[in-house]
Each structure stands twice: as structure tokens, then as C-alpha cells.
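This is a predicted model, so every value here is computed, not measured. Protein chains get the first letters and strands the later ones, always in sequence-line order, with residue 1 at the start of each.
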There are 2 protein chains.
Amino acid sequence: MRDATIRDVARRAQVSVASVSRALNNLDNVSEKTRARVADAVKELGYVPHAGARSLSLARTNAIGVVLPDLYGEFFSEIVRGMDREASRRGYLLLLSNMHAGHPQSESAVRAMRGRVDGLIMMAPHLSDAEVAEALPAGMPAVLVNTHSDAHAGIRLDNAAGAKAVAQHFLATGRKRIVHIAGHVGNIDAEERAEAFSKAIEGTSARLQTLQGDFSEESGVVAIETLLAKGATFDAVFAANDMMASGVLQALRKAGLRVPEEVAVAGFDDIPLASHLGLTTVRVRIAELGERALDRLFDMLDSNTDSAGRELHAPELVVRDTTASE
Amino acid sequence: MRDATIRDVARRAQVSVASVSRALNNLDNVSEKTRARVADAVKELGYVPHAGARSLSLARTNAIGVVLPDLYGEFFSEIVRGMDREASRRGYLLLLSNMHAGHPQSESAVRAMRGRVDGLIMMAPHLSDAEVAEALPAGMPAVLVNTHSDAHAGIRLDNAAGAKAVAQHFLATGRKRIVHIAGHVGNIDAEERAEAFSKAIEGTSARLQTLQGDFSEESGVVAIETLLAKGATFDAVFAANDMMASGVLQALRKAGLRVPEEVAVAGFDDIPLASHLGLTTVRVRIAELGERALDRLFDMLDSNTDSAGRELHAPELVVRDTTASE
DNA sequence: CTGAAAGCGCTTACAG
DNA sequence: CTGAAAGCGCTTACAG
């Protein structure tokens, strides 16, 4: 049996669809009598308004599109949680679309959002300015998270501040032969962390060696095993995220190297695992980042403006056992 | 400037909107010439089809609604990841709605899905049969995950099998004074685990004591501290999830009790933290659960049927250090 | 306070 | 192969 529509309700309540619509939306130009008849008919028919049709009429969907890349578990859940918190506070739903690594269809995923959402949050650390511009439908309010772009409103992690804090902490605790394990090639977070870290070490008496990782735990293990196999010596390792740092810790333990006495280890993100490992890291309040992104987007929607400002989300160094000085 | 519509494209290409529609949808009754003119006009105008309007016409949205309760981090990200995997394979988007604890608005959240999605995945372990029936719009295809309901298709974790496996493992390794820390009151998973666990211990020579927790790490700590404060003795603890088990381990360590020599500890879920803690647990392939739920839903949509079958998702005992027999 | 009608941006029989 | 028109389920000026 077909779902009931507003016409069915109108017929049953013996009023016009206009009156039903007014009653349902709690407008005040409706008599009590009409309101009651409509309420009854709605109940009897089990009527639920068709949000899609409503959106088309109103040119307003009460939904926000969220486009995310393949995200490491914790980051994904936390950022979505933050967005959801802010969205449901305002009565909005989230329309989710993962943008998978190979970006052939990623553009179409974004376009599929048009007409279903009022605005977009997009996180695409691997896209260039041009690709971002290409993907975003013109006229779609959007806030970019951790994404290259000069033309749009954006929020970014202050990766440089975080990496610099780690470097200074290493230097202050007397580390001299320092290793950095970088994240995924082309990833903007990875690049900013690596660059700021190296800049902070440069010109000091410490030496820096950078290896390529890919943000996976396994790549942290491999990096350390490679170093040890080459007979390299080092007294500190900064992994570009906590998962790799966890791999580093495993590999060091397996090799019999003591942390932090022989080697200090730090990560980035402060995922829940980090505190269990006693891992020194850079705390990113991910949920807050998501919340803030939605805040910005709502501001744009409310004011109908296009604030193309950049905003930095400051992280914080958390010192734990893996770098305890001495 | 207003976004371009199909009429704008038609005008520019000097054809009818019908032809534009046909060309855009790759129908074959379109001449090459028309197709080319449309393609040009689309490009010149930066036209992106309005998915909302399309859905209304087609009575088909290519979106699936996902209603989840407040979920502990890992569970949330994994189940959404599994669903997204299956959804994007089929070209569907996910419309997300968190159902927060106090369920006054949760019903409206579900109803807001009508007309925006083709089907619904709902996870509501805390709702009764009646509440579930009340919340779901009639005629909306739905698959329930870990949710009470006789009237709908559902997938559930086989909590009983998991809990039973833990009990048998404790008994087989000679544990006699066993503690269970249960999850949230009224939560169906919590209840099934507690019941099956107690049934499996009953009638053996071992004693069982059950405490109330709420799935939080903190509640695991509190449970153990309470027991110790009362002077209770025990040699095995089964926490209803890994987070509480982690709290248990912390409390035991602080009290100077050795694991597993003095007390064996097991959890449930196998979150990433579990392997780092060497925690014996029951592995739930959460992403697979999400994937399977969507599979079921797609089957229903394809066949236009209403398979009200229940399905159990079997978990697996993973033995690690915290219960090593030795 | 109420209703008839136009319109939101698409798709698709129907007729040619 | 093409176009005019009706329809998807709502909302909202407009007239009364």
C-alpha cells in the first residue's frame, strides 16, 4: 500500500492541502478545529511528511554533506561525532560520503550532494587546489578541513606548532640523533609536520634523518627495522601519527632497546591508545575540530556569506613515559 | 547567481528539457548531435543535477538512512565504515542520525528520514519492541542491528555464544570465583551476555558474582575497587566489553594483583586496544556486521520483499595473555 | 481563517 | 529521435 501523502490527509480531514501544510508546520493562521481534524487524520493514516518534497519546495534540506577520505579509525569516529553533535543541536542530518583513495569517482560523490544538502564539509588532504575547485559545485557553501585551498573557508590543524613542540621537547631533553617517520606522501598533514619538524631541528647540534611511512602501524615497524638493519643509531623518534609510533614502540621492544632511556618516542594525534602506551604525543581535539567546522558552515548559511578565511586549530603537547627525560 | 537548472541547460543547448534529461542519463534515444550540444551547455553553465528533485521524480533516493545510538568510538567508526564500504559499492550515500540517550526526539530523527532514503538501518539496543514499531515509518524497508523486534529484519550479535565461550575458557583453566561486570542496564547486548554467562557457570563448582557497569572504562575501575574494598576475593573477571576490561586491568595493577596468575581477565569486542593490552576477548567483526546489514537491506530493496528473518553474527574467542592458563 | 493554483527541478509516458 | 505536458509531494503568495 502506497504511503500516505499530504493529499490523503487533506481528503480525510476534509480540508485543503494548504491547510494541512499549515497545520503541520504550526503556522498560526489555522483554526483550532482544522488543526484537530488534521491531527486526527495524520494519526489515522500514519502519515509522515516526505522530507525530500519539502526540501524541494523550500530550497532547504536541513542536511549537511560530509565528504571524508579513508580515515584511520579513531580520527573518523571522532570527527564525525563532533559534527553530529553540532548538527543535531541545530536539527540537521549528516549525509556521509567517503572519498576513496583513487579519486576517479570522488568528484561525482561530491556532485551527488547537490540538492540534498545545504552545505558541505570536505576533508581532502590529498587533493590539489585545482582538484578541489573542480570537485566543488559552484555556489555550494563549503568548509574545508585540512585541505589545500585558497578559495574556500577552511580549518586546518596547526601541524607546524605541534611538530615544533615535539622538536623542542626532544632538544630540551638532550636528544641528538633524531629520526622522523613521515606520513603518507602528498598528505598535507604529513608534509607540514615533516617540514616544521625539520626546520626546528635545523641549525641545532642535533642530526635529523627522515624516513617515509604511510600512517599505518606496520609502516612504523618497518621504518625502525630498516634503520636497525642498516646499523643506524638514534636516540629519538618522532612518528607523524600515533599508529606509527605504536609500531615504533613494538619494533624497539623487539630489538631490546629501552624507551625512553635509549630512545625517546613521540607521536601525533593522541588517540586513546596513546595514553595506554604512555606515549608522548600531540593532542588534537578531533571532535572539536569537527564541531568547529560545522559552526563555521552554519555561520555561512545563516549570514549567507562566503567567509573565505583560514583558521588554525591549535594542538597541545602531552608528555608521557616514552620521552620522560632520563 | 542562481544555480543552473535543467531548463537553463535546455535553453542554452536549444533543445527540450526532455532531451537534456535523456542525454544526462545516457539513454540511447538521443542523437549524437543533441548529446554533444547538451554536454557543451552543461560545461559552460557548470551545471550539476539537483539530486533532490531527481529523487522526487524517481521515488528513489540512492541513500540509506543510518540511525545509531551514542556509540563508543571504535564500534561507531567500524560499523559505519562497513556500511559505507557496501553503500559506495552500490552507489548509495549514507544519511546519518545519532539517536541520543534521552529518546524524546529520536523518533522525529527517524521520521525525518522519510523521503530522503530508500531504506533504514537502525541500531537501538535500548528501545522496546513497541518503541521500535512506533518510531519506524510504516512501509520503510528497515534492517535492525542489535535491536529488539519481532516484526522486522534484523541482525544481532550472538552474544550468548561469545559469553559462553568465555565461561568455558575460565572453567577449563580452573577459575573458581568468577566476577562478571555487566554493561548498561536495559542494553540488550549487556543483558544477553550476562544471562548466557551466568547460565554457563551455573551448575558448575565455580561461584559467580555479577556487578553493574555501564560499558565505560571508569565503571570497570569502580567495580574492581568496590569488590576489593569489600574484601571480596576472585580469580577471574569477565567484563561485558573491552573498555571496562581495560579499567579492570588498571584497577588490578594498582592493587598489586597479578594478571593472569592471580586474576584472569576477559573482555568483549576486540577493539584495537585489546591486542595492545594482551587482553583475552571475544572478537566481533564490527565492520562486517555493518556490511552485512546493508547487504540485507539491499536484498530487500531489490526483491521488494520484507524478509523478517533474524540473523546471528557469530563472534570468536581470542585468547591472549590476560588469561594464559599456565 | 481557507482554498485553488503555481512552482521547486527533475523524469517519462505519449504523440509525433 | 524529439518535445509538450503531467506528475513526484510538498509550500506559499494570492484572492477571498
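As the counterpart of D:dA4, no nucleotide is assigned, since no Watson-Crick or G-U wobble pattern has both distances under 3.5 Å. Judged by Watson-Crick or G-U wobble contacts below 3.5 Å, the nucleotide D:dA13 has no partner.
Between the side chain of B:R114 and the base of D:dG9, no donor-acceptor pair of N or O atoms lies under 3.5 Å.
Under 4.0 angstrom from either OP1 or OP2 of C:dG3 there lies at least one side-chain N or O belonging to A:S19. Considering only side-chain N and O atoms, B:T34 lies nowhere under 4.0 angstrom from the phosphate OP1 or OP2 of D:dC1. Taking only side-chain nitrogens and oxygens, B:S57 never comes nearer than 4.0 Å to OP1 or OP2 of C:dC10. Within the 4.0 Å cut-off from OP1 or OP2 of C:dT11, at least one side-chain nitrogen or oxygen of B:S21 is found. Of the side-chain N and O atoms in B:R54, one or more sit less than 4.0 angstrom from OP1 or OP2 of C:dT11. For D:dC8, neither phosphate oxygen OP1 nor OP2 lies less than 4.0 angstrom from any side-chain nitrogen or oxygen of B:S55.
Residues A:N29 and A:R22 are in side-chain contact: their nearest non-hydrogen atoms beyond the backbone lie under 4.5 Å apart.
Between the CG atom of B:N29 and the P atom of C:dG16 there is a distance of 18 Å, given to the nearest Å. Between the CG atom of A:D3 and the C1' atom of D:dG9 there is a distance of 12 Å, rounded to whole Å. Across the protein-nucleic acid pair, A:L24 atom CG and D:dG9 atom P stand 15 Å apart, rounded to whole Å. With rounding to whole Å, A:I6 atom CD1 is found 8 Å from D:dG9 atom C1'.
Nearest to the side chain of A:L56, among D:dT11, C:dC8, C:dT11, sits C:dC8. The side chain of B:R22 lies closest to C:dC14 when the candidates are D:dT12, C:dC14, C:dT11. Nearest nucleotide to the A:A18 side chain, out of C:dA4, D:dC10, D:dA4: C:dA4. Among D:dG9, C:dC10, C:dT11, the nucleotide with an atom closest to any side-chain atom of B:N25 is C:dT11.
Between A:G52 and A:L58, the residue anchored closer to the 5' end of DNA chain D is A:G52, taking for each the nucleotide with the nearest heavy atom.
Comparing D:dT12 with D:dG16, their C1' atoms are spaced 16 Å from each other, to the whole Å.
Judged purely by distance below 3.5 Å, without hydrogens or angles, the side chains of B:N62 and A:R116 never pair a donor atom with an acceptor atom.
Within the 3.5 Å criterion, the main-chain N or O of A:A53 finds no donor-acceptor partner in the side chain of A:S55. The backbone N or O of A:V17 lies less than 3.5 Å from no partner atom in the side chain of A:S21, so there is not a single donor-acceptor pair. One N or O on the side chain of A:R114 and one on the backbone of B:V48 form a donor-acceptor pair closer than 3.5 Å.
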